[in-house]
Amino acid sequence: MFAFIIRRGLLSLLILFLAVSLLFGMIHMVPGDPATVMLGPKATPELKAEYSRRMGLDRPLVIQLGRFYAGLARGDLGVDPFSERNVVNIVWEQLPYTMMLVLAAIGGASLLGIPLGCFSAIRRNSLLDRLTAVMSVAFIAIPSFVVALYLLLWLAVKWRWFPAMGAGESGNFSDQAYHLVLPAIALGLGWVGYIARLVRASMLEVMEENHIRTARAFGLSERTIILHYALRIALLPTVTILGLGIGSMLSGALFAEIVFSRPGIGKLLYDAVLTRNYPIVMGSVLVTTGFFVLSTLAADVINAFLDPRLREQRGS
Amino acid sequence: MTRKKPESWPQSTRRAFLQDTSLALIGLAGGGVPGVSWAVNGDTLHIRNYQDLTSLDSVTSLSAAEGIISAAINQNLLRFKPDGTWDTKLDAAESFEQIDATHYAFRLKPGQVFSNGYGEMTADDVKFSFERMVDPAMNAINRPDMGPLSHVEVHDRYSGTFVLHTPYAAFIPVAVAGPSGEILSRRAVTAAGGRFTTDPPCSSGPYLLKSWQAQRKTVLARNPQWAGRKSAFEEIHVYAMPDPKTAEMAFEAGELDSAWISVETVAPFKQEMPDNSSIRVLPSGRNYWLGMNQENPALADIRIRRAIQYAIDVEAVVEAAWFGLAKVSAGPIPEGMTGHRDSALIPPRGDPEKARQLLAEAQVKLPLRLRLDVNNDALELTAVQVMQWSLRKVGIEVEIDAQDNSTFLTIGREDMGDQWRDVQLFMQSFTGLADPYYSLTWFTSAQLGLWNWERFSNEEFDRLSDLALATTVEAERNRMYHRMQDLMEESGCYRFVTNSVMPQIYRNTIKPAFRADGYAMLRDIRPADTRT
Amino acid sequence: MAKPRGTVYRTFSALKKDPLGMTGFVLVSIILLLTVLAPWLAPYDPLEVNVYNRLSSPSAEHWLGTDQLGRDVLSRVLFGGQVALKVSLVAISVSMAIGLILGMMAGFGPRWLDRILVISFDTVRSFPTIMFALAIVALTGPSLNTVIGVIIITSIPVYARVVRTQTQALRERDFILAERAMGASTSRILRDHVLPNIAAPLFILASMDVPAVVGMEAGLSFLGLGVSPPTPSWGSILNDGYSYLRNSPWPIIAGGLPLIAVTLGFTFFGESLRDIFDPKLRRKDQ
């Protein structure tokens, strides 16, 4: 098991390294010169050279990449050439906004999805079960930015139930939570049905298993059986999927951040690409890609713990 | 919403005239509606700024966003009147006069102090502030604002003389009254290491910089040592809000007292005006036009360029993109400034018949296919799509190539490879300063391959450009600038669109003050109940 | 995809018993029909500008109102379907073809090749899609082809992984081992035995992939990275709507509805197909 984790971890590192290096190369091939963007007509050759030097752009790509990784090893992602602030700090400041959004989305979806799935499993073929089945299929694929736009249009602009933009006053928890509602719904809606479906399926499977039957035979109440035994076991695969979900949601968060003008890592990255602010681009690429790779890794490892058969198959 | 740059972002500056859009994106922390408290408290003014600041030092500051703030914490010898004109009045100076074509004498008011214990403002501080701008060692980004300034002679504690190498018509509006002419304390700046960014070592204006949170807000506080009329607010909170949508919502929520809003929201706002508010649509200093690269083979024939000029219905363009709030312009020089033309040679609505005729004369095989480069920005995209439709009606099929600002800014530059040769049509916009020379300086031959992407090159234009800057007789300058804009138009390289507008919404609890190019003047905003 | 008659019959009789699948089928048919017939159905030229009648609400002349240039939103929505259709057709078939080849190579080839391919799939999969698209678009300029390219690159791993798993499973099956023993070439085995066996799951995957691809195109166009103006795409209609949100809600409503319809239609239909042809997949997934 330990060997598996090590092997899987190294593989993840390799993938992260490849992805980040590739994107590094790509973004540097893009035309556009940050100094011109920044300084406009007053971008004299000397000033442009100075900015290029500050960002290390005067070196060959391989050296730049090497420096990037060398810096990374020291926990240093460089300095934003414009504000002269540390990229680590800038990324670190934005990360909580996105994490909060993703957690709220996943959390909300689980709060709705797990009881729904549980109920569907117990009352198979009831109206609610069927509705859940339809919903789980229906909402999964609707692009989250369309949901976001509709929510914005009605709940924020037309009826003004929720704030339309921003992340709320810093330090004011309830205000921030209030601002989180619509983007989290936009991001999490598709997951409600998905989670319900997963929970339902694994509940059905678990309920057939021997120890549950034994519990029944012992005369434990249905309620106790479901809450204490069945659900607990049934939730494990769901947790795995949720782990995976967090990784892939980072990308989806970008749209919610744009539509609702929220700060966050997606918006940071997006804006930095537009201004060719290379240090920030690389910093946020690293974080997003890293999260994705890490959550995949975590999901794989948890899976392996749960199901030793998988370990053998996926080991390659 | 940074995906697009709505109309209001790129509106730029006296200084870097077109890159603000992107500047708005730099740094990038925070964003969104920052933590704001309700703006009901009469002691605090809450106002939107269209982007964050990078530097308040006149040597390195880049945009009007910074000028708005630095003007409130510093003094100039002269400053603009808060009446929407470019007229100036005395600020730190007790007197200011031109002695001859290259000499200007000033005398400071006594008793004006720099904060943080840096003492009284003296003529030596003036000398320091201006000479560091032209000092080659400083490599000042805003060096060009100073023109042919040579040095400052100090006569006594309060008085001195500016000495110029050659006459410079823009000396007062650009060098003295503009943000480059802010007076800093020699002792304070030297103690800070010779330059600073967002942490000014002292101030001499009605407000002090209390705090700056990157990408969120700048807080100004009343300067207790200020000798002039008591500053109106205990504090001014200036929020960095690049997205006008955010600002509009924040205003509606009562979180702002004043905000620059986008043109398309003026009508909906007027229909459903937030409580106790007014909107003023101010002229802006930003000029938009369609440029044509005359060195591109497809546009080498002047008749084709003229045909394009005639084909476009600019009235419809302005109606669509500026919601009819702006006027069709006749050139880069805005209304109210020397050299402004009342009408262009080509009628605003164009003349499609004439365009077809010119195309026939040029024996162009229709449909003629051309590419139009434009910023990926909602307002500009709307504008070019109307042009595209106009051009289609005369047989020119235009393909719109929307690029992000960073790429767009490089398309005509020679130092970025050969792609400048492929540039055909493009929509561009520059922001002027308080003097007409700045509006036209980008079209000279010296700017070929830098900002002159039309490759417009006219010897008379270049000569007049220099001449007009060295002439101080207004009537003559006026004539020269008219001629220069005629030359631009006759070359077929330009179809002028508009000088744009800047809509400002504000609470009726304040009495706002705006510069001639629409920017707020923090120093002059007062509560509405104060008698002035 | 040509199918024998029996399959079509089987599909329909199964669909009749599955109301959700039928709904999906009907939705898909309606959308396809509207899209293909857009040039005849659209009441106006989708590019026709009428500045003085902009952002109007729905009326007898303009059923879905007009956009900021006074263009008829209904006509734009109808023509927008053509963009979506083109993108999904091209992107899915190309990425499926490449995914098929790479997946079979990984599944049937030597172990080192498999490893390299799997690592590259995972690498591409871990790109933040939007970031990847931004970089590519900045490199090549926004266009429909760029969008298609981005979607192809990011979808290949999805197909390739499925093909790889299926191929690996088949590889050890008796009949393949027998063929091998009889000296059949690898390419022959792949063509005659592996391909037919993985075709069904692949096509089902493709039909389920349509909403994702259409959504991606719309998303990129929404960010201004997709079709160049004035070409209508559902994403660019939403983008225009977002810019002029306060002036008229109709472009957003009109641009979002077909996206939702496509999503529901293809997902319901695809699920139903999957149940009919490959019940195994379903069980595994649940």
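Each chain gets a letter, A, B and so on, in the order its sequence line appears, and its residues count up from 1. Given the structure is predicted, the values throughout are model-derived calculations rather than measurements. Basis for what follows: all heavy atoms, side chains included, without hydrogens, waters or symmetry-related copies.
Proximity to chain C (any heavy atom under 4.5 Å) is restricted, for B/Phe269, to the side chain, taken from C-beta onward. For a residue to count as touching a neighbouring chain, one of its non-hydrogen atoms must lie under 4.5 Å from one of that chain's; by this rule B/Ala267 does not touch chain C.
With rounding to the nearest 0.5 Å, the separation of CG in B/Leu381 from CG in C/Asp240 is 8.5 Å. Going from atom CD of B/Gln385 over to atom OG of C/Ser228 covers 10.0 Å, rounded to the nearest 0.5 Å. Put simply, OG1 on C/Thr231 and CD on B/Glu399 are 9.0 Å apart, with the number rounded to the nearest 0.5 Å. The distance from atom CZ of B/Arg392 to atom CG of C/Asp45, rounded to the nearest 0.5 Å, is 5.5 Å. Here CD of B/Gln271 is found 12.0 Å from CZ of C/Arg246. Values are rounded to the nearest 0.5 Å. Rounded to the nearest 0.5 Å, atoms CD (B/Gln388) and CG (C/Leu69) are 9.5 Å apart.
A side-chain donor-acceptor contact under 3.5 Å links B/Lys245 to the backbone of C/Tyr242.
No more than 12 heavy-atom neighbours from other residues, nucleotides or ligands sit within 6.0 angstrom of CH2 on C/Trp250.
Nearest heavy atoms, B/Pro268 versus C/Asn247: CG-ND2, 3.6 Å. Nearest heavy-atom pair, B/Asn376 versus C/Leu223, reported as atom, atom and distance to 0.1 Å: ND2-O, 4.1 Å.
Contacts from residues 47-57 of chain C to chain B, taken as heavy-atom pairs separated by less than 4.5 Å, involve C/Leu47, C/Glu48, C/Val49, C/Val51, C/Tyr52, C/Arg54, C/Leu55 in sequence order.
Your options are B/Val384, B/Val386, B/Thr265, B/Thr382, and the one with the most heavy-atom pairs under 4.5 Å with chain C is B/Thr382.
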